[in-house]
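The figures here come from the full heavy-atom set of this structure, side chains too, leaving out hydrogens, waters and symmetry mates.
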Amino acid sequence: MGRYAIRRLLQLVPVLLGTTFLINYMVWQLPGDPFAGRCGQRPCPDAYVSAMRAQFGLDQPVLVQYWNFLKNMLTGNMGVDFHEVPVASQLADAWPITIRLALLAVAIEAVIGIGAGVLSGLKRGGFLDNIVTISTLILLSLPVFVTGYLLQWLLGVQLQVINPTVSDEATITELIVPAFVLASLNMAFTARLTRTSIVENRRSDYVRTAISKGLPNRRVVGVHLLRNSLIPVLTFLGTEVGSLMAGAIITEGIFNIHGIGGLLFRAITGQDFTIVVPIASLLVLVYLITNLLVDLLYGVLDPRIRYE
């Protein structure tokens with residue numbers, strides 16, 4: 001496994017370089033000048049636009065811009081945004097909050113989604129299976145912003161169980177409901193995927209063999225059935241960390257969470273690509289690392305998988 005992990009890490013390097021180069025190229029080549037409309041109702045003078053483009057290196061060739069970006073990312077010196085605020089300090093304040101929110105959302109997906117899917121698959125056609133099916137259909141039919149505003153109004157305004165908005169500290173307790181909202185759609189997918197995998201694997205030969213040997217039902221389900229059924233679910237959950245962090249814009253906006261989602265939204269609307277590019281590149285890195293970890297966990301769930 002060690003050689004496989006090293007080889008996969010080396011494979012990530014060209015992928016990371018290629019994707020970050022494309023991000024830099026596409027973002028800075030978008031039509032329109034990010035500095036042309038920064039003077040209110042009047043068009044900005046050409047001298048101002050030229051000076052700002054020179055300050056942020058936009059007057060240089062694309063390869064030079066990308067090389068400067070790589071050096072800044074490796075040294076941690078990301079410069080300042082268009083408002084002269086250090087980019088590194090903004091990321092340092094927002095990134096931990098979104099990481100906590102995304103990891104908590106993945107944990108909720110795994111615990112509730114897998115648990116509901118396993119119970120539904122084992123009790124196929126029963127009352128519990130019908131409840132899980134109806135519940136997942138409701139979650140799948142509701143957009144995230146509807147679920148968010150509904151829980152905020154019900155739990156925060158009517159019942160006053162939670163604060164309608166999250167404080168600047170964004171503690172784990174405050175993030176439970178926003179994380180549930182963020183995870184609601186994918187939690188339903190996880191439950192249905194787990195149920196389908198459980199139902200299919202229950203008819204497998206290795207499960208019938210384990211039952212014929214007289215093994216306890218708990219061992220048949222926990223050791224034989226569940227471990228093999230979780231492989232596609234693990235693949236789905238592994239890719240969710242990066243996508244949840246990128247998709248937290250709506251949830252963070254509803255609950256006033258000062259994380260990456262809100263920072264990215266403000267940067268996009270203000271065409272401040274000094275923030276958009278680092279965030280997008282970091283999300284790519286998170287996505288690649290989580291996929292590597294998922295591949296390595298396959299061997300833990302299924303000993304038949306060998307790494308070469």
Can you hop from [X] to [Y] via hydrophobic side chains spaced under 4.5 Å?
X: Val13; Y: Val286; answer: yes
X: Val111; Y: Ile108; answer: no
X: Leu70; Y: Leu282; answer: yes
X: Val146; Y: Leu182; answer: yes
X: Leu139; Y: Leu137; answer: no

Gap separating the [atom1] atom of [X] from the [atom2] atom of [Y], nearest 0.5 angstrom:
X: Ile176; Y: Leu101; atom1: CD1; atom2: CG; value: 11.5 Å
X: Leu151; Y: Ile162; atom1: CG; atom2: CD1; value: 7.5 Å
X: Thr251; Y: Leu175; atom1: OG1; atom2: CG; value: 11.0 Å
X: Tyr149; Y: Leu142; atom1: OH; atom2: CG; value: 15.0 Å
X: Leu119; Y: Ile114; atom1: CG; atom2: CD1; value: 12.0 Å
X: Leu288; Y: Leu16; atom1: CG; atom2: CG; value: 6.0 Å

Looking at [X] and [Y], would you say the former's side chain and the latter's main chain have a donor-acceptor pair under 3.5 Å?
X: Ser50; Y: Ala47; result: no
X: Tyr66; Y: Leu17; result: yes
X: Gln152; Y: Pro164; result: yes
X: Gln65; Y: Asn24; result: no

Taking side chain as C-beta onward, heavy atoms only, is [X] less than 4.5 Å from [Y]?
X: Ile257; Y: Pro178; result: yes
X: Ile260; Y: Leu91; result: yes
X: Val166; Y: Asn256; result: no
X: Ile275; Y: Leu264; result: no
X: Val181; Y: Phe255; result: yes
X: Leu283; Y: Tyr287; result: no
X: Lys71; Y: Asn68; result: yes
X: Phe69; Y: Met78; result: no

Write down the atom of [X], the atom of [Y], and the distance for their closest heavy-atom approach.
X: Ser281; Y: Met73; result: CB-CE, 4.5 Å
X: Ala179; Y: Ala105; result: O-CB, 3.6 Å
X: Val276; Y: Ala267; result: CG2-CB, 3.7 Å
X: Ser229; Y: Val233; result: O-CG2, 3.8 Å
X: Val284; Y: Ile23; result: CG2-CD1, 3.8 Å
X: Leu193; Y: Pro232; result: CD2-O, 3.7 Å

Considering residues, nucleotides and ligands other than Phe21, do more than 12 of their heavy atoms fall under 6.0 Å from its CZ?
yes
Can you pull the ring-ring contact (aromatic ring centres under 6.0 Å, His included) pairs that have at least one residue in residues 78-126, sequence neighbours excluded?
Phe35-Phe82, Phe56-Phe82
Among residues two or more places apart or on two chains, list those pairs meeting side chain to side chain donor-acceptor pair (under 3.5 Å) that have a residue in residues 104-127.
Ser120-Asp129, Ser120-Arg195
Here the side chain to side chain donor-acceptor pair (under 3.5 Å) pairs for residues 162-180, sequence neighbours left out, are Ser167-Glu169, Ser167-Glu174, Asp168-His258, Thr171-Glu174
Carefully, step by step, assess Arg192 and Thr133 under the rule side chain to side chain contact (heavy atoms under 4.5 Å, CB included).
CA-CA 8 Å; Arg192 296 177 73 86; Thr133 301; 4.1 Å; yes
Check the pair Asp81, Gln90 against side-chain hydrogen bond (donor to acceptor under 3.5 Å, both in side chains), reporting the backbone distance first and the verdict last.
CA-CA 10 Å; Asp81 63 6; Gln90 297 183 63; 2.9 Å; yes
